[in-house]
Amino acid sequence: MSESFSASEMYTWMEEGVPHLYLDVRNEADFSRFHVEGPQDIELLNIPYFDFLEKPEETVAKLDASRSVRVICAKEGSAQFIADMLEEFGFGDIQWLAKGIIAWGNVLVAKQVPTPDHYELWQFNRPGKGSCAYGLIHKGELMLFDISKNLEFYRNFARARNLSLVAVFETHLQADYISGGPSLASEFEVDYIAHEGDFSSSNVTYRAVVDGESIGFSKAGGPSVLCTHSPGHTPGSTTYVIDDKYMISGDTVFIVSVGRPDLGKKVVEWAKQLYATLKNRISVLPDELMVLPSHYTDWTKEANGDHLIINDFGTVKALNESIYALASEDEFVSWVEANMRPQPEEYNRIRRVNANIETVDLATAEELDLGKNQCAASQG
Amino acid sequence: MSHNDEIDCSGMSCPLPVVKSKMKIDTMNPGEVLKIITTDPGSCKDIPAWANRVGHEMIEEAEENGKYYFLVKRGE
Ligand SMILES: [Fe+2]
């Protein structure tokens with residue numbers, strides 16, 4: 001009987017460049033909707049499990065028995081089935097992904113961002129989504145930003161370091177994943193801090209952030225969080241500048257591209273807001289600020305050598321010169337419209353869940369939450 | 001539409017609905033129709049994907065009270 005591997009192990013193999021052959025046995029439609037991608041290119045094949053059932057010899061012959069093969073499916077049953085079959089065919093190093101592609105979609109990787117010694121800043125990367133949450137720590141207190149629904153991960157993170165959660169921030173009403181912010185904030189009885197532009201018509205209990213306010217830790221000497229309203233991607237989008245050194249930029253500034261302003265039904269209006277935000281509120285920030293975005297699309301372009309999604313704002317502006325150089329509001333709106341593409345159909349429902357207008361059971365939440373983000377205004 | 005044989009895969013999860021359906025349809029003649037019943041949500045994409053890929057014909061798909069029904073005509 002073949003053995004399983006965990007989704008976190010898979011991330012580590014990818015980061016370390018272990019040369020496994022990944023075999024995804026789901027149907028082609030599910031594979032093309034979402035599949036595994038990591039910090040380095042991997043060899044990934046999609047051969048539906050029913051090919052192995054129908055024509056075992058012919059299908060197995062497509063694979064090299066000397067390779068280490070890691071099998072992936074939706075839940076785990078089919079991957080285990082195919083892994084066992086490959087073992088019978090003489091493959092020596094075969095494992096299957098425990099709990100399937102959903103486990104991969106939920107993996108979080110915690111990495112520390114270099115900071116001055118008196119505080120810590122962590123990036124919680126969710127490779128299956130292409131999204132990042134953040135944690136800011138000072139003298140035993142923890143602030144979290146843009147967390148996903150994997151609450152157990154955040155509870156464990158805090159518990160293992162003996163931290164008390166003091167606030168949960170949201171950069172905006174997320175459309176591409178289900179937020180864990182409101183639940184965790186109410187569990188720990190701390191503020192869920194977000195902008196009324198996105199949350200005033202929601203059923204979420206939140207503490208409205210005020211443009212220009214600075215939020216600090218309870219003990220003296222800690223970093224401050226300067227809240228800057230930066231509408232465009234959504235009306236309530238807010239950028240959090242930490243210690244005048246880091247910009248938690250939400251879906252306003254990405255390392256590559258900017259957040260798409262066409263997810264609501266008011267493309268022109270929101271695109272104009274984004275233009276004004278980038279010109280008057282964001283471009284004026286110092287080039288030395290390190291950009292920490294909520295999303296990324298391409299590891300090779302957006303991660304640094306330590307697999308952190310980070311870059312300085314000067315470089316970010318240079319990478320996106322064609323966007324930041326758009327000379328007028330009209331040009332910017334035309335650029336947005338030229339790059340528009342459909343949004344995934346589940347986004348509307350995710351927004352309703354995040355606004356607490358609709359509640360869904362866990363299985364539905366997992367299904368809605370699966371898939372790579374489509375939040376950038378331009379692709380490639 | 002009438003069918004020649006039926007298999008109930010209620011309660012089974014991947015890959016069993018496809019495994020059982022394949023075994024069943026292999027015993028039938030080309031042109032005959034198999035009715036498949038499943039409850040696993042994964043099967044609602046996998047059964048049609050399997051049927052189309054291996055040369056059977058998907059005739060009907062329906063969902064009712066948490067059960068999925070398929071009519072698959074055996075290919076040559
Ligand atoms: Fe977003």
Side-chain angles (χ1 to χ4, degrees), chain A residues 2 4 23-35 46-59 62 71-86 88 96-103 105 345-346 360-371, chain B residues 5 7-61 63-76:
Chain A
S2 53
S4 68
L23 172 64
D24 190 322
V25 298
R26 292 175 301 151
N27 66 64
E28 287 172 307
D30 284 348
F31 178 82
S32 61
R33 183 185 157 214
F34 175 59
H35 53 254
N46 175 220
I47 306 178
Y49 65 89
F50 25 86
D51 283 17
F52 289 90
L53 294 174
E54 211 67 35
K55 294 176 177 156
E57 284 83 8
E58 208 176 295
T59 310
K62 292 178 179 171
V71 192
I72 298 164
C73 72
K75 283 187 192 147
E76 69 180 26
S78 305
Q80 183 174 10
F81 185 88
I82 298 304
D84 287 344
M85 180 192 263
L86 290 173
E88 279 167 33
W96 45 274
L97 174 61
K99 302 198 180 88
I101 196 81
I102 285 176
E345 55 187 41
E346 62 271 17
V360 292
D361 60 34
L362 185 65
T364 310
E366 293 290 9
E367 174 72 16
L368 285 173
D369 215 34
L370 190 66
Chain B
D5 212 335
I7 182 160
D8 187 350
C9 302
S10 299
M12 295 178 193
S13 58
C14 275
L16 285 177
V18 173
V19 172
K20 301 280 180 194
S21 300
K22 177 206 154 34
M23 284 163 68
K24 189 64 149 185
I25 209 163
D26 282 354
T27 67
M28 296 166 61
N29 296 313
E32 287 186 331
V33 174
L34 173 66
K35 179 178 181 180
I36 304 167
I37 304 165
T38 68
T39 51
D40 179 26
S43 65
C44 64
K45 276 188 237 157
D46 280 0
I47 297 278
W50 157 73
N52 289 326
R53 198 164 167 101
V54 304
H56 303 313
E57 189 188 340
M58 197 65 223
I59 297 176
E60 216 176 291
E61 294 170 58
E63 186 193 344
E64 217 183 291
N65 301 325
K67 289 200 181 225
Y68 306 97
Y69 301 88
F70 308 89
L71 290 179
V72 179
K73 188 195 264 186
R74 188 185 155 149
E76 296 303 315

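Please read all numbers here as calculations on a predicted model, not as lab measurements. Note on naming: letters A, B, ... go to the chains in the order of the sequence lines (proteins, then strands), and numbering restarts at 1 for each one.
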Approximate separation, where rounding is to 0.5 Å, of Gln80(A) CD and Cys14(B) SG: 13.0 Å

Close side-chain approach of Val19(B) to Phe81(A), heavy-atom, < 4.5 Å: yes

Under 4.5 Å from a heavy atom of chain A, the part of Lys22(B) involved: side chain

Atom of Asp46(B), atom of Phe50(A) and distance for their closest heavy-atom approach: O-CE2, 3.8 Å

Asp40(B) portion near chain A, given a 4.5 angstrom heavy-atom threshold: side chain

Portion of Glu28(A) that has a non-hydrogen atom of chain B nearer than 4.5 angstrom: side chain

Neighbour count >12 (heavy atoms, 6.0 Å) for atom CD, Glu345(A): no

